[in-house]
Amino acid sequence: MLRFTIRRLLQMIPTVIVVALLIFVIFSVVPGSFAASLIADGRADADPALLARLNREFGLDKPLYERFAQYLYDIARFDLGTSFRTRQPVVDLIEARIWASLKLAVAAMAFAAAFGVPLGFIAALRPGSLLDTSTMIGAVSGLSMPQFWLGLLLMYVFALQLGWLPSFGYGDGGLLHLILPAITLGLTPLALLARTTRAGVLDVLNADFIRTAHSKGMSNARVVRWHVARNALVLIVTTVGLQFGSLMGQAVVIEKLFSWPGIGSLLVDSVAVRDIPTVQGTILVIVLWFLCINTLIDLVYAAIDPRIKQG
Amino acid sequence: MYLRFNLVVGGLLTALVILGGVFAPWLTSRDPIMDADLMNAEIPPGAEFWFGTDTQGRDIFTRVLYGARVSLTVGVVSQGINSLIGLMLGISAGYWGGWWDDFVNGLTNVMLAIPSLIFALAVMAILGPGLSSLLIALGLTNWSWTCRIARSSTLSLKSLGYVQAAQTVGYGDIRIMASQLLPNMVGPILVMATLGIGSAVLSEAALSFLGLGIHPPTPSWGNMLTDARELIMIAPWATIFPGLAIFLTVLGFNLLGDGLRDVLDPHMRTRKV
Amino acid sequence: MLRALMLTGLLAAGTTAGALAQTPQRGGTLNFTAPYGTSFSTLDVHATPSVQDDIFASAIHRSLYRWDAARNEPVLELATEVNVSADGTVFTYKLRPNAVFHHGKPLTADDVIWTYQRVANPANAFPGARYLANIKGVAEYADGKATTISGLRKIDDHTLEITFVGPVNPGFTLMRGTLAIYPSDIGGTPEFATKPVGLGPFRFVEHVPGSQAVVERFDRYYKEGRPYLDRINLVIMGDASARDVAFRNREIDVSILGPAQYQAYLADPALKEHVLEVAEVFTRNIGFNLSYKPFTDRRVRQAINHAINSPLIIQRLARNKAYPATSWLPLSAPPFDKDAVPYAYDPAKARTLLAEAGYANGFEFEVNATPNESWGVPIVEAIIPMLAQVGIKVRPRPVESAVHAELVTKGEFQAYIWSNATGPDPLSALQCFYSKTPRTACNYTGFNNPEFDKLFEAAQAERDPAKQTDLLRQANNLIQQEAPVWFFNYNKAVMAYQPWLHGLQPNATEMALQNYEDLWIDSTAPASRR
């Protein structure tokens, strides 16, 4: 097991390096510059001397390979560089906002699991029924909804018209501000979980050993409780984990819409002003998060089902 | 019953959208860009303007119809590119194996690790806003799943002896890949492509919201939604109709894809349910 | 019409001033908003040109001069008097004896010198350096040829002498927030970046990145009895709709209104009484690349000005949150010619002019535009049908904000749409059309007109303010005739405020920048504010 763990962890490293290289190259060739973004709103006039000095300070006048080598070296020391915009270490910027993103991701996942799993479960117990059909149609609808349209509609109804919930921002970090963004973000995982749960439960229900248990005379309820739950659980946990891993990336639009101070909105804002170190740092963190969660899931899966380790 | 429902409803919705986009000039007499009169700004839906007007005084119904063209183009073309890349890489990886397979696998891992929206954002930042940039950005983003499926299909077909048989007869590599392997995976790839069209339409909306998608005055449902955001209190219809259009289109493709999958292979299971 | 607009603006300001006749009350907390972004990029105001950061910095810092909104000119702030030499280049300031930094150190001439040297230091690449360029010795210092700025001389602890390269009014540059005076003892330490200390009426308490900054009253502020407020929460809220909701919910005390909210608030009887308006010093325009063939002919440029129905666009898209532009300088500028008439909407005349210039069949051009709703793609969309009427095909070329300025300064455009600062100093505003000003500085259109150059140089050398204003007026009118841009509008800044807040000033340079020491709240404020 230990060898498997180490192998999986080591497999992450080349992926991270390639991602770093890819992002680095992409944002070296991107048009526009931080200096240009400073005068974009027309409040200050262009100052060529300032532009030149900024380029020198940011090291943008050095050749590409030299900058990339320096970048890799810095990453190895956990130094993500200094933000052009705030002149603070990128690590600090991310640290200040990552908890908000995590909070949102956890809340969205909790919402998705709390409603998605039971829905899928119930639908699987009565396949073909009206409940089943309507749940599955609802699930497909959830997957088809443009996220920020849903967010706008929810905001319009619950915040602007009914005034029950705040429409934006982090507030004091309380539950009220979390509700709308979490629901908007969690709808897609909810739909996916409902479908996955239903598929998983159906699969297991149709499997041979259930029929064997039936024939032995165990009561219906007992069968469900002991066998179905345990096997479907693996599938559900895997899906929850995978969704959780990719939520950080999906949260970008939601964070922008609800003015949620997470790293998704930090990423979008940094791209807009070409604050390259922050952009690179945030993407790296998001990717790392995804890879770590995936690796964790693989390890959990392998622990539960030893046959996986051979693969 | 559920199965047929998928195909029928999905097919109907998709057909509706395609017809609306194709026949837009006949379904409406107005031009989506030039027929803009500021005196007509923000009129609610009514007899003259079925979906109301937007902030420039343009008819929203007209723009939704022409927007279908943009969204369908984005969806179909980017999915086409996706499928092409995925098939080429996946089939060749499974066929040749060795270091090429390792390379493709590594590349796929990297692409799967970067969230697709963020990657598309980065590519759009380089290429600048616009339709062709969007097609390239989305085309480069989502080929990983297709690649995986193509690869595993190739591997299983290899193990069944298809490839060996064809090699014995003397077929060349490319011919084998094109004539023996490709036709056997049309089903799953088609399903992925159909589902992917819906996802591409959603991505266009998201990218337009972030300022990097199709820019006005060309009507796209994504940029119509973004423009309408400020007006949500004054003119909510400007938000409702484009969003509804996106929703129904994506729903249609998703249902169609689901239905196709159930028809082609009820036991098919992919990680992406 | 313009006169009426101006008077309305001034009247609105006057009404507020009238309300000020009540006695200010001490105490309470203010929830102010920073509306220009999603964060404060830095607490070191020297390092940033951004107004958003100035909103925070102006609470805890002070510069040598300050903008007086009521007098519409810069006034001395950290000095009690100034003596100007006969040739107008040497200014001797008597600094306030009772000015003290938040950590207890009194203000001395050393602090001013240290501050300006830090800002002008080439190793720092600070944006404020250019505002010090007219001080003697700064050029050599910036090139590394000198280790100090020769034009800054300390006479004694409270007397500072500054020598400029020519006769200027230094208030316009030295009033900038990015030139706030730092304490020379701790200004350069790393802690200062996260715990800044200044001369302002409030002292720094905390900063929650992406959310807000908090400041509280500084008891030893040099103005007796000020500030009135105990505490200010500077809440970062970049989204106009978010501010709208928060304001209506009484969670924030001020809100800069966008066009959509402006329309809604004026229509709402409960809100329209507490809306402060001012004509700001920004001119929105479409600049023409004067090397692009059709634009070389003045008649073409004038035709475009006649072909576009600016008042309609202002009424509909800008929802009356703008004043039609006559020429380059804004309404509040002294050289603004009140008798000048803006280009009338006259498509027939436009077609005649185009035919005369040889473009009876029209031509095509692209306008570089950002997504900005007030001066971006939506405006270009609106002029498409108008220009089509006279045969001109125009297309927006969408660019991101971070790319826009780059393309303009490189000259890679046929036309661009932008909002440019045209004040408060009219001389530096018109310098953008001086032929010796390069495109990379602010002569974006590449304007070159000998008659204008003569007027501008004469105004530069003129030391009598009245004569200088007259020369600039002539120059400004010439710009209108030559039409190097399409004159769109001057911004109307609008701030809604809660009825319990008093003391707001109609700041034409930037409405969101207020003198926090003059603000106070009365007893009708909700409990959360007291």
Side-chain angles (χ1 to χ4, degrees), chain A residues 11-12 14-16 18-19 22-23 26-27 29-32 127-128 132-133 136-137 140-141 143-150 152-153 155-156 160-161 192 195-196 198-200 203 238-239 242 246 248-250 252-253 256-257 264 267-268 271-272 274 279 282-283 286-288 290-291 294, chain B residues 1-2 5-6 9-10 106-107 109-119 121-128 195 198-199 201-207 209-212 221-222 225-226 228-229 232-233 236 239-240 242-244 246-255 258 269 271-273:
Chain A
Q11 273 175 352
M12 266 174 45
T15 312
V16 173
V18 173
V19 169
L22 200 61
I23 300 300
I26 287 180
F27 284 100
V29 301
V30 77
D132 177 32
T133 317
M136 284 305 105
I137 293 178
V140 177
S141 304
L143 289 173
S144 312
M145 194 89 71
Q147 270 193 333
F148 83 90
W149 185 58
L150 175 68
L152 267 178
L153 287 181
M155 201 194 284
Y156 182 63
L160 300 176
Q161 294 289 38
L192 223 53
R195 284 157 64 107
T196 316
R198 177 182 178 278
D203 238 18
T238 314
T239 312
L242 287 177
S246 58
M248 275 289 213
Q250 291 175 30
V252 168
V253 170
K256 202 80 189 96
L257 180 64
L267 175 62
V268 174
V271 170
R274 302 291 192 264
V279 172
T282 4
I283 295 185
I286 293 179
V287 168
L288 224 69
F290 175 81
L291 287 175
N294 269 21
Chain B
M1 181 208 92
Y2 179 51
F5 175 84
N6 271 351
V9 176
L107 194 62
N109 279 338
V110 168
M111 289 307 295
L112 283 174
I114 305 180
S116 54
L117 187 64
I118 294 180
F119 185 71
L121 208 130
V123 175
M124 288 300 287
I126 299 182
L127 298 174
L195 293 173
S199 149
V201 173
L202 286 177
S203 299
E204 186 268 317
L207 284 171
F209 175 64
L210 296 175
L212 287 166
W221 294 336
L225 263 185
T226 313
R229 186 187 165 199
I232 190 150
M233 296 288 286
T239 317
I240 294 178
L244 207 58
I246 299 180
F247 173 57
L248 290 176
T249 306
V250 179
L251 185 64
F253 279 103
N254 278 348
L255 286 175
D258 275 354
R269 179 140 4 258
R271 235 175 177 193
K272 191 172 163 186
V273 172

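Order of the sequence lines fixes the chain letters, A, B, ..., with proteins taken first and strands second; residue numbering starts at 1 for each chain. Just so it is clear, the model here is predicted, and its values are computed rather than measured.
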Checking [X] against chain B: side chain, backbone, both or neither under 4.5 Å from a heavy atom?
X: A/Leu22; answer: side chain
X: A/Leu152; answer: both
X: A/Ser246; answer: neither
X: A/Ile283; answer: side chain
X: A/Val253; answer: both
X: A/Leu267; answer: side chain

**Donor-acceptor contact below 3.5 Å, side chain B/Trp221 vs main chain B/Ala205** = no
Is there side-chain contact between [X] and [Y], with at least one heavy-atom pair below 4.5 Å?
X: A/Arg198; Y: A/Asp132; result: yes
X: B/Leu210; Y: B/Thr226; result: no
X: B/Pro115; Y: A/Val287; result: yes

Portion of [X] that has a non-hydrogen atom of chain A nearer than 4.5 angstrom:
X: B/Leu107; result: neither
X: B/Leu117; result: side chain
X: B/Pro242; result: neither
X: B/Phe119; result: side chain
X: B/Ile118; result: side chain

**Message:** So, taking the atom named CD1 in A/Ile137 and the one named OG in A/Ser144, what distance separates them when rounded to the nearest 0.5 Å?
**Reply:** 11.5 Å
**Asked** Going from CD on B/Glu204 to CG on B/Leu225, what distance comes out if it is rounded to the nearest 0.5 angstrom?
**Response** 9.5 Å
With respect to chain A, which residue among [options] yields the maximal number of heavy-atom pairs within a distance under 4.5 Å?
options: B/Thr249, B/Leu212, B/Leu202; result: B/Leu202
options: B/Asn109, B/Leu244, B/Leu248; result: B/Leu244
options: B/Ala228, B/Ser116, B/Gly243; result: B/Gly243

Side-chain donor-acceptor contacts of residues 121-128 of chain B below 3.5 Å, not counting sequence neighbours, with atom names and distances?
none

**Asked** What is the minimum heavy-atom distance between A/Gln250 and A/Gln147, and which atoms define it?
**Response** O-OE1, 3.8 Å
**Item:** Partner set under ring pair (Phe, Tyr, Trp, His ring centres under 6.0 Å) for B/Phe209, not counting sequence neighbours
**Value:** A/Phe148
